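What follows is a short report on a single structure.
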Amino acid sequence: MFFSFLNLFNTAIGQNHANAFSINAVVIDSLTFEAIQFVSIYKTRDKKGTLSDFKGGFTIDNVLSNDSIVFSYVGYEKSLIVANENTIYDTIYLNREVQLVDEVIVLADNSILYELISNVRKTQSNTVEVAKSYFELESYHNEQQLELFQGYYNGKYQGYNVCDLQMKNGRFALAPLSKRIFASTESSKAMYLHNIVESNEYFPVSPFELVRGKLKKYYSLSLNAKYVDNNGNTIYIISFEPRKDRNSNFAGKVWIDSLSNNIIKTKLLVSNASVHPFRPIWSSHDLDTVNIEITKSFDVENDSIRLNTLHFNYDLVYRSSEDSSLNISTQAVLHAYNYNDAFILPFFNFPDVSNADYRRIQMLPC
């Protein structure tokens, strides 16, 4: 994934259409009162919906009176409201799943935790599926927004991982900073470079790559909590910390179904990463202090794991010959929202010299 400061160029414009009435609100944790990002929100009538954004806000259009709207997020009880045109909706509260606190306290040892994580590789699916997918990215320097990218893709997914993203269409907006533009020129590429269960040269090591012996050697595990989900399955929430080399190994947390050994959700964190997929496009520029947060959540369909959302945050220091340094913070999300359908892609051959998202948008036929 490359970064660059570029000259200004035209942006692609798209429109959204709204029918009936719309609901605009924020999804809030009922215990902490914090906003919840990327909650799945859909109408049962037509199965169409949206995600809450980076601040927990959402808009769902084409709502009819008496529509049932479902709110779903890993670790929270599924919630349902019946829409009414005369009701003002501003806040939706979600309750956390009931935790089995007593069982957590009496856990004899943590060997079961190492067993659960080391067995994750066995649950990886070999089936490749295609789903309509939405990708959004925002970049900031301090409080100033520099970049907004929104795109629709046919995503190819295999179990826990993204295999490919084929663009249908997109739009972007870039704001000048010192008469130049900062752009994440291959913003979606990092999404499918990351593999949960296999090591590669672009990301730090995660515990899911390791056999049980190496996992015990390199990682310390602890049980945060256990709870019973909506299907009656017991979910373990396990924290993992590298014993050393924190710059080249992910720390984080994972939600694992103790019966199937499937990952339901995982969050991977690394500070000042020594391994990362980012490069400045100009040889005279440099990147420093790269921090990464990757969160993946999954659904289970017919005993098969499917990616639901991939949340990718990173911040870094961008150094160039023209500036002392710039602090860049980026947040991105990929959502696979329809595995039963795919976009009809443009009949257009992109040149092999670049797969940059911005260039693809500019080359797409009108």
Side-chain angles (χ1 to χ4, degrees), residues 12-19 22-23 37-54 58-63 67 69-74 125-138 148-172 186-194 196 264-265 294-302 304-312 331-350 355-358 360-361 363-366:
I13 304 297
Q15 290 183 333
N16 293 320
H17 301 279
N19 297 306
S22 300
I23 293 178
Q37 300 177 339
F38 313 129
V39 175
S40 178
I41 306 159
Y42 64 92
K43 295 167 288 176
T44 58
R45 171 174 54 87
D46 56 11
K47 302 299 182 182
K48 293 183 178 180
T50 185
L51 289 178
S52 60
D53 61 21
F54 298 109
F58 73 92
T59 298
I60 187 166
D61 298 317
N62 194 27
V63 179
D67 267 350
I69 302 176
V70 176
F71 298 80
S72 177
Y73 192 70
V74 174
S125 173
N126 294 319
T127 302
V128 176
E129 298 184 89
V130 177
K132 288 181 176 179
S133 304
Y134 172 74
F135 174 71
E136 181 172 331
L137 177 145
E138 299 177 359
L148 171 65
F149 181 94
Q150 298 171 319
Y152 288 89
Y153 298 79
N154 279 342
K156 291 185 177 181
Y157 303 96
Q158 182 181 356
Y160 298 122
N161 302 306
V162 184
C163 299
D164 194 13
L165 292 170
Q166 299 175 328
M167 181 178 285
K168 166 65 175 179
N169 212 333
R171 62 181 181 176
F172 61 87
E186 296 177 279
S187 47
S188 66
K189 187 174 182 179
M191 296 292 189
Y192 57 85
L193 287 177
H194 180 254
I196 282 185
I264 305 303
K265 177 182 174 181
I294 301 173
T295 302
K296 292 185 177 183
S297 63
F298 306 93
D299 296 322
V300 179
E301 185 73 22
N302 299 323
S304 179
I305 281 290
R306 287 176 167 178
L307 181 76
N308 184 318
T309 59
L310 195 169
H311 183 199
F312 193 76
Q331 50 191 9
V333 63
L334 174 69
H335 177 46
Y337 63 89
N338 193 338
Y339 277 89
N340 300 314
D341 199 4
F343 292 116
I344 298 175
L345 298 176
F347 294 100
F348 188 78
N349 291 321
F350 292 107
N355 290 319
D357 294 307
Y358 291 104
R360 281 179 175 267
I361 290 176
M363 289 187 291
L364 283 169
C366 296

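This structure is a prediction, so every number in the text was calculated from the model and none was measured. Keep in mind that the numbers below use all heavy atoms, side chains included, and drop hydrogens, waters and symmetry copies.
- Applying the side chain to side chain donor-acceptor pair (under 3.5 Å) test to Lys156 and every residue at least two apart in sequence or in another chain returns nothing.
- Checked by atom type and distance alone, the side chain of Ser133 never pairs as donor or acceptor with a backbone atom of Asn154 at under 3.5 Å.
- With rounding to the nearest 0.5 Å, the separation of CE in Met191 from CG in Leu137 is 7.5 Å.
- Smallest separation of non-hydrogen atoms from Ala131 and Ala336: CB-CB, 4.2 Å.
- Shown here for Ile60 and Lys48, the closest heavy-atom pair between the two residues is CD1-O, 4.1 Å.
- Between Lys296 and Leu310, the closest heavy-atom pair is CE-CD1, 3.6 Å.
- Nearest heavy-atom pair, Lys168 versus Ile344, reported as atom, atom and distance to 0.1 Å: NZ-O, 2.7 Å.
- To the nearest 0.5 Å, atoms CG (Asp61) and OG1 (Thr50) are separated by 8.5 Å.
- With a 4.5 Å cut-off on side-chain heavy atoms, Tyr192 and Leu165 count as touching.
- Put simply, the side chain of Tyr152 reaches to within 4.5 Å of the side chain of Tyr337, judged on heavy atoms.
- Tyr339 places a side-chain N or O within 3.5 Å of a backbone atom of Leu307 that can act as its donor or acceptor partner.
- In this structure, the separation between CD on Gln158 and OG on Ser304 is 10.0 Å, given to the nearest 0.5 Å.
- Proximity of Val74 to Asn308: side-chain heavy atoms (C-beta onward) are nowhere separated by under 4.5 Å.
- Applying the side chain to side chain donor-acceptor pair (under 3.5 Å) test to Tyr134 and every residue at least two apart in sequence or in another chain returns Glu136, Gln150.
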Review point. Can you check ring-ring contact (aromatic ring centres under 6.0 Å, His included) on Phe71 and Phe58, steps first, answer last?
Key: CA-CA 11 Å; Phe71 298 80; Phe58 73 92; 5.6 Å; yes
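- Of the possible polar contacts, none joining the Thr295 side chain to the His311 backbone as a donor-acceptor pair under 3.5 Å is found.
- Smallest separation of non-hydrogen atoms from Cys163 and Tyr157: SG-C, 4.2 Å.
- Closest heavy-atom contact between Thr59 and Ser22: CG2-CB, 4.3 Å.
- Looking at residues two or more places apart in sequence or on another chain, you find a side chain to side chain donor-acceptor pair (under 3.5 Å) between Ser297 and Thr309.
- Close placement of the Phe54 and Phe38 rings is indicated, their centers lying within 6.0 Å of each other.
- For the pair Met167 and Tyr153, the minimum side-chain heavy-atom distance is below 4.5 Å.
- Of the possible polar contacts, one joining the Asn161 side chain to the Ile196 backbone as a donor-acceptor pair under 3.5 Å is found.
- With values rounded to the nearest 0.5 angstrom, Ile23 atom CD1 is found 9.5 Å from Ile41 atom CD1.
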